[in-house]
Each structure stands twice: as C-alpha cells, then as structure tokens.
There are 2 protein chains.
Amino acid sequence: MLFLQQIYEFMEYFQELKATKIFDSASEFDCQAMMFCFKTKFKMFDKNENIITQGNRIEDIILILKGGGIVENIDILGNISIVMQLKKGDVYGVESAYAGDEYYKDSVIATEKTLVLFMNKHRLINPCENRCKRHDSVIKNLMRLVAESNLKLLDKLTHLSKKTTREKLLSYLGLMSERAKSDYFEIPFNITELANYLSVDRSAMSNELSKMKKEGLIDYDKRQFHIFNSKIKY
Amino acid sequence: MLFLQQIYEFMEYFQELKATKIFDSASEFDCQAMMFCFKTKFKMFDKNENIITQGNRIEDIILILKGGGIVENIDILGNISIVMQLKKGDVYGVESAYAGDEYYKDSVIATEKTLVLFMNKHRLINPCENRCKRHDSVIKNLMRLVAESNLKLLDKLTHLSKKTTREKLLSYLGLMSERAKSDYFEIPFNITELANYLSVDRSAMSNELSKMKKEGLIDYDKRQFHIFNSKIKY
DNA sequence: TAAAAAGTGTTGTTTTTACAACAAATATAT
DNA sequence: ATATATTTGTTGTAAAAACAACACTTTTTA
C-alpha cells in the first residue's frame, strides 16, 4: 500500500493524472493501484531546474503533470540543441527504456514551474505478476504516445532535410498551416526557439523571414503567421 | 479459418515469421491463429517495386520477412529523400496507424527481392474480443520496435542538426564507431546513399570526405571506415 | 514602474554549400 | 567478357549560411 505521504500527494494530484492520455481511462482505484505498482514519485520543479540529467542511469520514465520543459542534448563538442518540447501529458524515457538503454541521452529541463510523475522503468515495462488489465491499458496508451512522438520526429526530419533556410521555413510553416487547416496560424515557438528547432542561425533566419515578408510569401507578427500558399506552390 | 492457399503460404513462410522480433515468442499454433486474426497477406516484391505508395489509404501495417527496402518521401516540390531503411524484421506503418493517420506519408520501395507480410491495421490495433494473450505479446513486441525506430530517428536528427557537412559526417561516423565499439567499422550505406541520408550534396560530401582523409581525421575505402578519434576530439 | 534580461531585426564579412560538368572507377547485366 | 549503367572524386562558380556586432523592442522581475 501507499505511505501516508503518498496518499496525500495522490489525492492532491489525481485530477492532473486523470487528465493525461496515459491514465485517462483509469478509475481512481485503478490509478492508486498503479501508483503502487509503478513505484511512482511526484516531484515539483522550478523553472530551469533539471528534471532529468543527460548521462544519468535510467531508473524512471517521467510524465509531465503540470507545466512543461525542453529536452536538450549536448554533444561531444558542447553544442546544445533542443530535441523537443514537453508539455502537460507528455512522457520522456519510454523509448530508451523499451530499447534497453542504460543512460539518459538527453537532459530534461523545466521551462516553468513543473509537476512531474516518476514511474519506475522496470515496473512499467514488465507486466505485473497478476497481469492486471490496468497495466495493459497504460501500455496501450504509451504506445500511442510513442507513435505520436515518432511522427513528430519525422516531421522535424522532413524540415531539416531541406537544404536552404527558406525551404526549411516553408516546410515548417506549410505543415503548421496544414495542421491548422488555415492560412492563418500560430506557432508554438518564438523566433529564437524556431531557429533552434530548425537548426539554423537565428539572425540568418530572421533575415530570411524578412525577405519572405517583403516578397509577399508570408506575413507574421510574433507567433502569428499568415502564409500565402497560392504564391508559394509553383 | 485460413483458406488453403493461405495455409500453404503460412507453412512456407513460418520460419521467416518465427525469426522476426514480432512473432518470436509465438508458437506455430498461435502464429496461425494470429494470421487469421490480423487478416494477413503474404506478398513477394521484385527489386524497385513499390510495396507501399505515398498518399494511399492506410489499410495495412507491413512486416519485412525477407529482403529489404527504403522508406522514401517526396515533398511538394518533388524532392526525394530517404527517410530510413527497412531490413528483415522491420515494420512500417505502426506509428501512423496508432496515431490515427489516414494516408501513408511515405513510399516503401524494395531494394531487392522482398517478402512482405501485410497485417490489417484495425485488427492489429484493437484487441480481439477474447483478449488473447498472443495479441498482447505482439503489441509488446511492436512497442519495442517503435521505440527503437524512435531512437533511430533521434540519431538522424542529431546528425542533421549539425550545421556543416563535416560536423554531420563526424556526428554520423562517431556514432557508428561508438556502436561498433571500434575505430574500424562498416557503414550500411554507399557514399551516394550516405549523402542522401545526411541531406547534403553528394559531390560536396565526397569532397569533404577527401579533405578529412588528407587531414588524417579518417580513412575509408568503400563502406569500410577508420576514424582517428584521438585527432578529432579537441 | 524602473531596471535588467531576453528577444528581434539588420548589416557586412567570411565560410560553407549547392550546383553543374566531367573523367575515372566500379558494379551490373547480357 | 564486354557493353552498359551506376557510382565516385574533382574542380570552379554562384548562392547561401554562419558568424559577429549592434541598435532597438519586448518581456520579465524586483
């Protein structure tokens, strides 16, 4: 059973838990059982705090319950790149855990005050002795999340595969427009973050955006974009 | 039950099926039951034949039983890029199926004579009425595959995030060396394919490789590489 | 609300890339 | 075995990107 402290935490955070894609179909009773089963720990992080540190041994899979963070990778030469963003309901570590990795290959850093659920990797992956169907449903939900993450990575790859900054921008903005089903849309990055995401120099990208605006291909203000698709295709 | 034709096929290909990560733990009886459950079809493709065509409606998830292929994406401007390679035991379509996509976003093309198993998307994803545990084991295996695919995409993203061709090459070759646990290793691409994979101009990359060889950073012949790690770090 | 911090746009210079064209080497098919 | 197709290395040129420096704007915070 849960310790008293854990029960208090659980009661406090159950609503957040219930709102995630992983635990959405679970009852309070099931959830509580899984908390025990997965050896969960709740933990609150301040902005800029490390939730996971690159290189540390993988013990847990994390689930963001409140707030958000970035997944950051530092390569051998010290270059920092943002691999992805994590929002409420997102998980990190599932792939590495399933693939049998030993160490985290990225750091996860809170970009605001963030509540995180830690779930023991082994407990989550290996079906419990009694083969509970709650566990199965969590795995099915995890599968959907990993699949979606996969598709996000494929999207990013599509953009990064383009050779020029302009093509990268158009690939990204085109997709955003398609997703929004509109020529008007809002992007989830500011300009600096977008440059990081697309792995291009910020000032060069800013310059390219200006040119495209002058040429009438796009219009934008802050995160609001308007793409003139008719002018772009051919 | 299976039609006679299907039984013949099944008997002929059971060994290949058994050798995959998806069906490894299943008995012949279980496999046969799943063949029925997933409405499977076996199909043989010649080199350069389309196994899956970009834009077609997603009906099946595929599993490569013999041979191999490439996943190829053509963007709106007609640029072709190799998204990944598929080898014996690899699957394609799982992520899109789980994420609820309607159409294939890539084409899959056989690079040699290739045997493919088609499995009905709906049957595979939705647990069967009797909640058979074979089905669960297949899903668990699929999960591992998707997780691994995810990590492959992350690797590629790491390389593509580098700004110069040299950095991309070193990122890729460095990883290959790490994986091989040796300064000597073989890469799964020829030079032209590697340029495609890294999304750089082939001739420019060839040129860069030559320079790096002259500078004594690497040595190579065909697909055999030798990386002088000591000269590279710092 | 003032001060500090973070983000943005612009410009010029240097470095790197894409592109095109071609010869040489290698692999493939008949 | 030979012809044919594909792959590879090299070079020069034009285009594009990175980089650095700076002024200006917006956001954050104390």
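Lettering follows sequence order; numbering is per chain, from 1.
Remark: B:Y197 engages B:Y172, B:F189 in a ring-ring contact (aromatic ring centres under 6.0 Å, His included) (not counting sequence neighbours). The side-chain contact (heavy atoms from CB on, under 4.5 Å) check on A:N190 picks up A:T192, A:E193, A:R223, with sequence neighbours excluded. Residues meeting the ring-ring contact (aromatic ring centres under 6.0 Å, His included) test with B:Y103, sequence neighbours left out: none. Not counting sequence neighbours, the partners of A:S210 by the side-chain contact (heavy atoms from CB on, under 4.5 Å) test are A:Y220. The ring-ring contact (aromatic ring centres under 6.0 Å, His included) test applied to B:F38 returns B:H135, not counting sequence neighbours. Legend: residues meeting side-chain contact (heavy atoms from CB on, under 4.5 Å) with B:S206, ordered by chain and number and at least two apart, are absent. Every residue two or more places apart in sequence or in another chain that forms a side-chain contact (heavy atoms from CB on, under 4.5 Å) with B:N120 is listed here: B:K39, B:D60, B:H122, B:R123.
Listed by first and then second residue, the salt bridge (Lys or Arg N to Asp or Glu O under 4.0 Å) pairs involving residues 176-185 of chain B are B:D155-B:R179 (not counting sequence neighbours).
Note on A:F189: nothing from the nucleic acid sits closer than 4.0 angstrom, heavy atoms only. Nucleic acid contact for B:T192: sugar-phosphate only, since backbone atoms but no base atoms lie under 4.0 Å from a heavy atom of the residue.
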Scoring nucleotides 16-30 of chain D by protein non-hydrogen atoms under 4.0 Å (B base, S sugar-phosphate only, - none) yields SSSBB-----S----

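Inter-axis angle, ends of the helix from C:dT1-D:dA30 to C:dT30-D:dA1, five pairs per end, rounded to 10 degrees: 70°.
Checked for salt-bridge contact, B:R57 and B:E102 meet the test: a charged N lies under 4.0 Å from a carboxylate O.
Of all nucleotides in DNA chain C, those with any atom nearer than 4.0 Å to a heavy atom of chain B start and finish, going 5' to 3', at C:dT16 to C:dA27.
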Only pairs under 3.5 Å count here: list side-chain donor-acceptor contacts from residues 84-93 of chain B, not counting sequence neighbours, and write none if there are none.
{"residue": "B:D90", "atom": "OD2", "partner": "B:K87", "partner atom": "N", "Å": "2.7"}
{"residue": "B:Y92", "atom": "OH", "partner": "B:D106", "partner atom": "OD2", "Å": "2.6"}

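Taking atom CG of residue B:N190 and atom P of nucleotide D:dT7, one finds them 6 Å apart after rounding to whole Å.
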